[in-house]
Amino acid sequence: EFGAFSGVTNEYEQDDSTSYLVRDNDKCILCRRCVATCQKVSDVGVIETVKRGFSTHVACAFEEPLSDTKCVACGQCINVCPVGALSERSEVDNVLNALADPEKVVVVGAAPSVRAGLGEEFGYPIGTNVEGKMVQALRLMGFNYVFDVNFAADLTILEEGTELLGRLSNNGTLPMITSCSPGWIKYLEGVFPELIPNLSTCKSPQQMFGAVVKTFYAEKLGIDPKNIYVVSVMPCTAKKFEKLRADQSASGYPDVDAVLTTRELARAIKSMGIIFNDLPDGEYDMPLGLYTGAGVIFGSSGGVMEAALRTVADVVSGSDLEEIEYEEVRGMEEIKKSAYKVGDKEVKVAVASGLTNARKICEEIRDGKADYQFVEIMCCPGGCINGGGQPILDAYTRRNVDYREKRASVLYDIDKNCEARKSHKSTAVDAVYKEMFEKPGSHKAHEVLHTSYVNRKK
Ligand code: SF4
Ligand code: SF4
């Protein structure tokens, strides 16, 4: 009668209090990898093992729901869980319902890192670019328009670069810190709210993408934005939190309606019976499917910095510079520092990924010891290519394979092969400014493409 699977088991209520993560302690084997990751990688330590002996389980302090803690939504705990006790809160059903709704025009865009990770879910080696198959799969799923969030990454650079130049010439708050990574934003709001004035006010590429689709493109199509359903595919779980933030509804409706992680997209493709590996390469819809090399490198740590420098250096020098590869800010080093000549000024920069490294930079700025003008911070170590929504790798691979470099190399290879490699050379971005925003940093651009932050320190 007594076997390996008989005996008493504990039963716990799932913690599904957040919009991005579900904890099912019934599956947990108490390895504590999530606990260590939350403390040592994500720097917030909002989960621990509580109680003793047979009652031991993972929980937040005082058994509070995760939504009431300083959890930054990074999803790094999901990526290390060996048994699937942690998962993103799925929005696949919402997306399938929207696709089946004849009233809805359903628009999709994927972030740079998705094309560098999605193939792993279908048996391709780490570091395989599956962009073409991904586009074709999205088309077969029934999306009305398949665009690219890379387009909005280029747009972000125009806005962020203009903001940086404005701060440099008007004695604005420096260093300016990038605002693309919602886990990082939530961390700063909760731990270093005194640095909110340093944050760029630019929305992230995901939110700019949705905002442009529901304003500029809705007008172009003559469709009421209430009938447009925007889906973004992200390597990130914090994007599910970001889409619900206040001040992210430029058209009067949420900029983004649903966020699928890379893993969720793979599940949806499989559930629809699409044979991903046999697909031919698909083509994006235009104009919002157009992007430059600068837009695609956003997915790797240092990519936003490099993309911004490419544009800012051209604008300040008034020329089309040939030196566009900023090697010093590339790579998986935890903190990278450098200085570049921009016109006749020297701009000192710092790049950090992973929140324990972000803390070091934040403390320097807070204590007046930082002399940088521009800082890029990404929540996840190595940047979005290692986001909490990317395919889960076993512990051996995580420890012994340079999977982050392999995924990042996909993005740098795409960049090298792009005809245009600077965001201000994007004809799609140019059209959006000509037809809607007039110029970067305009009043209208601020209304649609910028946002505000809140102090979450209790
Ligand atoms: S999502 Fe990130 S911050 Fe939240 S519990 Fe997991 S590791 Fe910690
Ligand atoms: S990583 Fe997964 S199995 Fe390990 S303690 Fe956390 S929830 Fe449990």
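When a ligand or atom number is given, it counts from 1 through the structure's own listing order. Side chains included, hydrogens not; waters and symmetry mates left out as well; all remaining heavy atoms used.
- Of the candidates Lys239, Lys240, Lys270, Lys240 is the only one forming a salt bridge (Lys or Arg N to Asp or Glu O under 4.0 Å) with Glu264.
- For Phe276, the ring-ring contact (aromatic ring centres under 6.0 Å, His included) partners are Phe122, not counting sequence neighbours.
- Nearest-residue assignment for atom 1 (S) of ligand 1 (options Ala36, Gly45, Gly75, Cys379; heavy-atom criterion): Gly75.
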task: Decide yes or no on side chain to side chain contact (heavy atoms under 4.5 Å, CB included) for Ser179 and Tyr453, but give the supporting numbers first.
output: CA-CA 10 Å; Ser179 55; Tyr453 306 105; 3.3 Å; yes
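- Cation-pi contact between Arg115 and Tyr291: present, with separation from the ring centre below 6.0 Å and deviation from the ring axis of at most 45°.
- Residue contacts with ligand 1 do not include Thr37, since none of its heavy atoms lies under 4.0 Å from the ligand.
- With Met176 as reference, Glu160 is the one residue of Gln373, Glu376, Glu160 to meet the side-chain contact (heavy atoms from CB on, under 4.5 Å) rule.
- The aromatic rings of Trp184 and Tyr187 lie tilted to each other, with the angle between the two planes from 30° to 60°.
- The distance from atom 2 (Fe) of ligand 1 to the nearest N/O/S atom of Cys74 is under 2.8 Å.
- The ring of Phe151 has its center no closer than 6.0 angstrom to the ring center of Tyr284.
- The protein heavy atom nearest to atom 7 (S) of ligand 2 is Arg23 NH1, 3.6 Å.
- The distance cut-off of 2.8 Å around atom 2 (Fe) of ligand 2 captures these protein N, O or S atoms, sorted by chain and number: Cys81 SG.
- Here the heavy atom of the protein found nearest to atom 5 (S) of ligand 2 is Arg32 N, 3.1 Å.
- Remark: ligand 1 atoms within the under-4.0 Å shell around heavy atoms of Cys38 are 3 (S), 5 (S), 7 (S), 8 (Fe).
- In terms of protein heavy-atom proximity, atom 4 (Fe) of ligand 1 is closest to Cys71 SG, 2.3 Å.
- With rounding to the nearest 0.5 angstrom, the OG atom of Ser90 is 7.5 Å from the CG atom of Leu260.
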For a quick test of your reading: what N or O donor-acceptor pairs under 3.5 Å do the side chains of residues 60-82 make, sequence neighbours left out?
unit_1	atom_1	unit_2	atom_2	d
Glu63	OE1	His57	NE2	3.4
Glu63	OE2	His57	NE2	2.9
Ser67	OG	Ser17	OG	3.4
Thr69	OG1	Leu66	O	2.8
Thr69	OG1	Cys71	N	3.1
Gln76	NE2	Asn386	O	2.8
Asn79	OD1	Arg263	NH1	3.0
Asn79	ND2	Gly387	O	2.9

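- Atoms of ligand 2 found under 4.0 Å from any heavy atom of Leu30, numbered from 1 in the order shown, are 5 (S), 8 (Fe).
- Those atoms of ligand 1 with a heavy atom of Val44 less than 4.0 angstrom away are 3 (S).
- Under the salt bridge (charged side-chain N to carboxylate O under 4.0 Å, His left out) criterion, Glu328 pairs with no residue at all, not counting sequence neighbours.
- Looking from atom 3 (S) of ligand 1 to the surrounding protein, the closest heavy atom is Val72 N, 3.3 Å.
- Contact annotation: for Val35 versus ligand 2, there are no heavy atoms closer than 4.0 Å.
- At least one cation-pi condition fails for Lys214 and Tyr253: the charged atom is not both under 6.0 angstrom from the six-membered ring centre and inside a 45 degree cone around its axis.
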